[in-house]
*Asks:* 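Just dropping this structure here.
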Amino acid sequence: MPELPEVETIASELRRSLVGGRVTRVHVLWSRTIAQPDAAVLADLLPGQVFTGVGRRGKYLLLGLDSGDTLIVHLRMTGRLELLPGDSPALANTHIRAWFELADGRNLAFTDQRKFGRIWLVGDVAQVIGKLGPEPLDWRFTPDDLAERIRPRRVAMKALLLDQTAVAGLGNIYADEALFLAGIHPLRIGVSLTDAEIGRLHDAIRQVLGEAIGERGTTLRDYRPAYGAEGAYQNRLRVYGQPDQPCPRCGAAIQRIRVAQRSTHFCPVCQPTRGETTS
DNA sequence: ATATCTGCCTGCTCGC
DNA sequence: TGCGAGCAGGCAGATA
């Protein structure tokens, strides 16, 4: 499940290898993968364009083109974006949804088992990513920014961290990890957080995402980086996917509940339902 | 307006 | 062994 650290890993890999590549031909096998414009229009517009840069905003990959347009890719659950040689057997993968031939013979391939992923070709990226909340690893992201997005909301903290307009880039795994590190119960609502708790949460979000990028992300089930070894952060998860295991901090059994239709993992001792811990 | 629910999708695991 | 139910979950769009 690609979240911010996984998308960042893919972006840095593609930045080294894709920039300078020129598209010569477009293949779309599942037209709904192309969110905008119509798949046939994209197939007409993209050939001839050169990739000039690779960026990331939240969980979106931003592939800049020399026309000034941007190819935006969201991997959602099972999407993969990778460069393949022209004779790669992976181009015959049944789950390949679109691929772009490059002038040097390589192919930029989008594979997506569950067809949730989407690709846009736009002149103005704000059309797609304009409503995203602050970028949590940006140095300009402050506890005050977080407070501004959380304080007005009477929603469970877990749901707030999954809301991409509150903070960009967190998914189910890192939301649970950040709340654990901050010592905040996932069912606490936004308005109830103290300044100290928001400060801890701000730091926890940045710590978890930074650690995970250092490990090239978390490989569970579907996600793996485009090249080389898989991510390794799955070995360092403190609560996500660890129900009934001892809490790494206090030893109590990790609990698993459902919040906002998502499986949610937390320590009932380190993340009390209300108020601060005294320890 | 905000909060919550449903649909999109496929493949794996579980219980009978 | 076979098979249906449940689950995984990001996000758009609908509903309350």
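Just so it is clear: chains get the letters A, B, ... in the order the sequence lines come, proteins before strands, and each one is counted from 1.
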*Asks:* Decide yes or no, distance alone: a donor-acceptor N/O pair under 3.5 angstrom between the base of B:dA3 and the side-chain of A:Arg154.
*Replies:*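 No.
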*Asks:* As a test of reading the structure: which of C:dG10, B:dT10, B:dC5 is closest to the side chain of A:Gln261, going by heavy atoms?
*Replies:* B:dC5
*Asks:* Strictly below 4.0 Å: does A:Lys59 bring a side-chain N or O up to OP1 or OP2 of C:dC11?
*Replies:* yes
*Asks:* Salt bridge between A:Asp104 and A:Arg22, side-chain N to carboxylate O under 4.0 Å?
*Replies:*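 Between A:Arg22 and A:Asp104 there is no salt bridge, as every charged N stays at least 4.0 Å from the carboxylate O atoms.
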*Asks:* From CZ of A:Arg151 over to P of B:dT2, roughly how many Å is that when rounded to an integer?
*Replies:*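 So the two atoms are 18 Å apart, to the nearest Å.
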*Asks:* Testing the basics here: between A:Phe110 and A:Gly117, what is the closest heavy-atom pair and its distance to 0.1 Å?
*Replies:* CZ-CA, 3.8 Å
*Asks:* Which one, C:dA8, C:dC11, B:dC8, comes nearest to the side chain of A:Arg256?
*Replies:* C:dA8
*Asks:* Given C:dA12, is OP1 or OP2 found less than 4.0 Å from the side-chain N or O atoms of A:Arg118?
*Replies:*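 No, A:Arg118 has no side-chain N/O under 4.0 Å of OP1/OP2 on C:dA12.
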*Asks:* Could you tell me how far apart A:Met77 (CE) and B:dC12 (P) are, to the nearest whole angstrom?
*Replies:* 14 Å
*Asks:* Measure from the side chain of A:Tyr240, starting at C-beta and using heavy atoms only, and say which of C:dA8, C:dC11, B:dT10 lies closest.
*Replies:* C:dA8
*Asks:* Among C:dA12, B:dT10, B:dT4, which is the nearest nucleotide to the side chain of A:Lys115?
*Replies:* B:dT10
*Asks:* Hey, does A:Arg97 reach any base, or is it just sugar-phosphate, or nothing, if we go heavy atoms under 4.0 Å?
*Replies:*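 Contact class for A:Arg97: none.
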*Asks:* Output the rounded distance in Å from CG (A:Asn93) to C1' (B:dG11).
*Replies:*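 Atom-to-atom, A:Asn93 to B:dG11, this comes out as 14 Å.
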*Asks:* Looking at side-chain heavy atoms only, is the closest gap between A:Arg57 and A:Val125 below 4.5 Å?
*Replies:* no
*Asks:* How many Å lie between CG on A:Leu61 and C1' on C:dG10, as a whole number?
*Replies:*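 Result: 15 Å.
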*Asks:* Can you tell me the distance, in whole Å, between the CG atom of A:Leu75 and the C1' atom of C:dC11?
*Replies:* 14 Å
*Asks:* So if I take every side-chain heavy atom of A:Asn172 and compare against B:dA3, C:dG10, B:dC9, which nucleotide ends up nearest?
*Replies:*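 The answer is C:dG10.
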*Asks:* Taking NZ, NE, NH1 and NH2 as the nitrogens, is one of them in A:Glu211 or A:Arg206 under 4.0 Å from a carboxylate oxygen of the other?
*Replies:*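 Salt bridge between A:Glu211 and A:Arg206, a charged N being under 4.0 Å from a carboxylate O: no.
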*Asks:* Rounded to the Å, how far apart are A:Leu132 CG and C:dG10 P?
*Replies:*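 Value for this atom pair: 14 Å.
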*Asks:* If you compare every side-chain N and O of A:Arg258 against the phosphate oxygens of C:dA8 (OP1, OP2), does one of them come in below 4.0 Å?
*Replies:*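 Result: yes.
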*Asks:* Can a donor-acceptor pair be found between the side chains of A:Gln242 and A:His265 at a distance below 3.5 Å?
*Replies:*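 Per modelled atom types, A:Gln242 and A:His265 side chains form no pair under 3.5 Å.
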*Asks:* Counting heavy atoms from C-beta on, name the nucleotide in C:dG10, B:dG11, C:dA8 closest to the side chain of A:Gln113.
*Replies:* B:dG11
*Asks:* Measure distances between side-chain N and O atoms of A:Arg262 and base N and O atoms of C:dG10, and say whether any donor-acceptor pair falls under 3.5 Å.
*Replies:* yes
*Asks:* If you only use heavy atoms from C-beta on, which nucleotide in B:dG11, B:dC9, C:dA8 is closest to the side chain of A:His95?
*Replies:* B:dG11
*Asks:* Between A:Arg153 and A:Asp163, is the closest basic N to carboxylate O distance under 4.0 Å?
*Replies:* yes
*Asks:* Does the side chain of A:His74 get closer than 4.0 angstrom to OP1 or OP2 of C:dG10 through an N or O atom?
*Replies:*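 No, A:His74 has no side-chain N/O under 4.0 Å of OP1/OP2 on C:dG10.
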*Asks:* Round to the nearest Å and state the distance from A:Arg76 atom CZ to B:dG7 atom C1'.
*Replies:*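 After rounding, the gap between these two atoms is 12 Å.
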*Asks:* Tell me: CD1 of A:Ile189 to P of B:dA3, nearest whole Å?
*Replies:*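 A:Ile189 atom CD1 is separated from B:dA3 atom P by 9 Å.
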*Asks:* Output the single nucleotide from B:dT10, C:dG10, C:dC11 whose closest atom is nearest the side chain of A:Arg114.
*Replies:*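 Per side-chain heavy atoms of A:Arg114, the pick is B:dT10.
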